[in-house]
Protein chains: 2
Amino acid sequence: MNTQPIIKHFSTYLPLNQQEIAALESAIIERNIKRKQFILQEGDICKHYTFIVQGCFKMYKVDNYGNEHNLQFSTEDGWIGDLGSFYSEKKSELYIEALEPSIIFQIAKPDLLHLFTNHPKFNIKFRVLVENAFIQLQKRILQNISSTAEERYVDFIANHPGLFNRISNVQIASYLGITPEFLSKIRKELASK
Amino acid sequence: MNTQPIIKHFSTYLPLNQQEIAALESAIIERNIKRKQFILQEGDICKHYTFIVQGCFKMYKVDNYGNEHNLQFSTEDGWIGDLGSFYSEKKSELYIEALEPSIIFQIAKPDLLHLFTNHPKFNIKFRVLVENAFIQLQKRILQNISSTAEERYVDFIANHPGLFNRISNVQIASYLGITPEFLSKIRKELASK
DNA sequence: AAAGAAGCTTAATATAGATTAAGACTTTAT
DNA sequence: ATAAAGTCTTAATCTATATTAAGCTTCTTT
């Protein structure tokens, strides 16, 4: 198991010493995930924090009409998981599914709590991780309550230059909260400008 | 200065010892805020984490057309602040304004970082605070991309039983991302059901 | 007490975005 | 290699929500 990607991920923010690296390595499990494979399904309890070494995932909810609504995408060097379910240990309402063949590292809750207790640095790193994710979500909420679909699409493309060539417009529409047909219309209008 | 409310707030989650209470007390500044008074304005850097002892605040953005969009309300026993500006030390795009005469405790950034470094318990508490806020925001995003305005209003009322009698419908409409006129129409339809 | 500001509602009209349906194209699985 | 599944687009029609404007009511300030 090549743990370099996650060690690098942590060390960029706060360098880890040998002890901390060893503790981290003993907490992670490597998994290979196929395209379309789920790592979380509605009704499951989310038991792991997942770090993506390679690949791409979507996290979404299926509503009462069977429609999917994408809450989040994550790729290399990012994290994914249903924090609500993870901490409350209640059933999740979300699915997490691989959009590409992927390699992930997972940390189970007891192992994460052990890291928090014995190596304060991880506590800090995860506080900062969640703070940053929170700040991003706030921006998205503001956009959702104050911008048109076209503005949101333009902004999504600008802020996710990597993703745009990697996932389908159907997935992007679901993230923006619009139908694929309307996204197609928006793209046509933008092209003619 | 009666610091009981904030000590109780922390102790409910993780009891504080005498040392920690003393450290917390020396970090906080009490302020009385009048109705319509700002504790943050666009262009300011957010220098404090704010705990609300009594009263009610809204945090909002003013868009290019001069329209306000409410991102968050907070009341007694809650926190408010622009975390993005607080941690990045960049200018905020948000306003935080009292909707009622209020009493707050503020912790300046150096004092908070000092607490984080010297009393790990605060690190944990603030990680959990942000995690919970993050989980709530995720639910709100899901609702925004998957529900009608009527569903969002019904849900807002159900989840904020205290607020509903306390703030105007204009403020609620701004939070939901709709116009006050349309909210009025929704309320009429709900009443006739 | 009076004046002004803010809040709530109604209604007519306009627009953003959804729905339905269909056809062409591309990718994936057998 | 072929069928099946998924993708993208177009267009017609429909619906949710915005805009504008007006009138009435309730707070807030002097």
Side-chain angles (χ1 to χ4, degrees), chain A residues 33-37 55-56 58 60 62-70 97-102 143-157 163-193, chain B residues 33-37 56 58 60 62-70 73 97-102 143-157 163-193:
Chain A
I33 310 291
K34 291 179 198 160
R35 193 177 124 85
K36 296 198 182 179
Q37 187 177 342
C56 183
K58 62 174 172 177
Y60 61 95
V62 178
D63 68 20
N64 300 331
Y65 305 98
N67 299 315
E68 296 180 7
H69 301 279
N70 286 338
E97 182 185 340
L99 291 169
E100 302 172 0
S102 304
Q143 262 222 334
N144 267 286
I145 64 178
S146 68
S147 304
T148 64
E150 179 172 320
E151 289 166 333
R152 271 143 52 210
Y153 174 67
V154 169
D155 204 80
F156 177 86
I157 297 304
L163 272 187
F164 152 71
N165 297 307
R166 207 165 157 180
I167 65 186
S168 75
N169 289 322
V170 173
Q171 298 305 325
I172 294 175
S174 166
Y175 179 93
L176 296 174
I178 60 177
T179 60
E181 292 85 355
F182 188 53
L183 178 53
S184 182
K185 200 170 173 180
I186 288 171
R187 285 159 49 80
K188 190 181 176 188
E189 276 161 25
L190 285 173
S192 75
K193 277 182 181 173
Chain B
I33 310 291
K34 291 180 197 159
R35 193 178 124 85
K36 296 198 180 180
Q37 187 178 340
C56 183
K58 63 174 172 177
Y60 62 94
V62 177
D63 69 20
N64 299 332
Y65 306 98
N67 299 316
E68 296 180 8
H69 302 278
N70 285 339
F73 299 113
E97 182 184 340
L99 292 168
E100 301 172 1
S102 303
Q143 263 222 333
N144 268 284
I145 64 177
S146 68
S147 304
T148 64
E150 180 173 319
E151 289 166 333
R152 270 142 52 209
Y153 175 67
V154 169
D155 204 81
F156 178 86
I157 298 305
L163 272 187
F164 152 71
N165 297 307
R166 207 164 156 179
I167 65 186
S168 75
N169 289 323
V170 174
Q171 298 304 326
I172 294 176
S174 166
Y175 179 93
L176 296 175
I178 60 177
T179 59
E181 291 85 356
F182 188 52
L183 178 54
S184 183
K185 199 171 174 180
I186 288 171
R187 284 158 50 80
K188 190 182 176 186
E189 277 161 24
L190 286 173
S192 75
K193 278 183 181 173

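Just so we're on the same page: letters track the sequence lines, and every chain starts at 1. No hydrogens, no waters, no symmetry mates; every other heavy atom, side chains included, goes into these values.
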Summarise protein proximity over nucleotides 17-30 of chain C in one line of letters, 5' to 3': B for base, S for sugar-phosphate only, - for none, counting protein heavy atoms closer than 4.0 Å.
BSBBB------S--
Spacing between [X] atom [atom1] and [N] atom [atom2], to the nearest angstrom:
X: B:L99; N: D:dC27; atom1: CG; atom2: C1'; value: 15 Å
X: A:N169; N: D:dT7; atom1: CG; atom2: P; value: 10 Å
X: A:F164; N: D:dC8; atom1: CZ; atom2: P; value: 11 Å
X: B:I167; N: D:dC27; atom1: CD1; atom2: C1'; value: 17 Å
X: B:R166; N: D:dC27; atom1: CZ; atom2: C1'; value: 18 Å
X: B:E100; N: D:dC27; atom1: CD; atom2: P; value: 14 Å
X: A:I172; N: D:dT7; atom1: CD1; atom2: C1'; value: 13 Å

Which residues pass the ring-ring contact (aromatic ring centres under 6.0 Å, His included) test with B:F164, sequence neighbours left out?
none
Under 3.5 Å donor-acceptor, B:S147 side chain and B:R152 backbone
no
Any donor-acceptor pair under 3.5 Å linking the side chain of A:E189 with the backbone of A:I186?
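No; judged by distance alone, with no hydrogens or angles, the pair does not exist.
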Any donor-acceptor N or O pair under 3.5 Å, side chains A:E97, A:Y60
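Indeed, the side chains of A:E97 and A:Y60 share at least one donor-acceptor pair under 3.5 Å.
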Through what angle, rounded to 10 degrees, does the axis of the helix from C:dA1-D:dT30 to C:dT30-D:dA1 turn between its ends, using five pairs per end?
60°
Under 4.0 Å, heavy atoms only, any strand: does A:S168 hit a base, just the sugar-phosphate, or nothing?
sugar-phosphate
What's the closest nucleotide to the A:R187 side chain, out of C:dT9, D:dT9, C:dA11?
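The answer is D:dT9, which lies nearest to the side chain.
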Below 30° counts as parallel, above 60° as perpendicular, anything between as tilted: where do the rings of B:F156 and B:F73 land?
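Judged by the thresholds at 30° and 60°, the geometry between B:F156 and B:F73 is perpendicular.
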Side chain to side chain donor-acceptor pair (under 3.5 Å) partner of B:E100, the single match among B:R166, B:R35, B:K36:
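Exactly one candidate clears the test, B:R166.
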When rounded to the nearest 0.5 Å, the distance separating OG of B:S174 from NZ of B:K58 is 7.0 Å
Partner of A:I172 under side chain to side chain contact (heavy atoms under 4.5 Å, CB included), chosen from A:L163, A:N70, A:I167, A:I178:
A:I167
The single option from A:K185, A:R187, A:E181 passing side chain to side chain contact (heavy atoms under 4.5 Å, CB included) against A:L183:
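For A:L183, the side chain to side chain contact (heavy atoms under 4.5 Å, CB included) test succeeds with only one of A:K185, A:R187, A:E181, which is A:R187.
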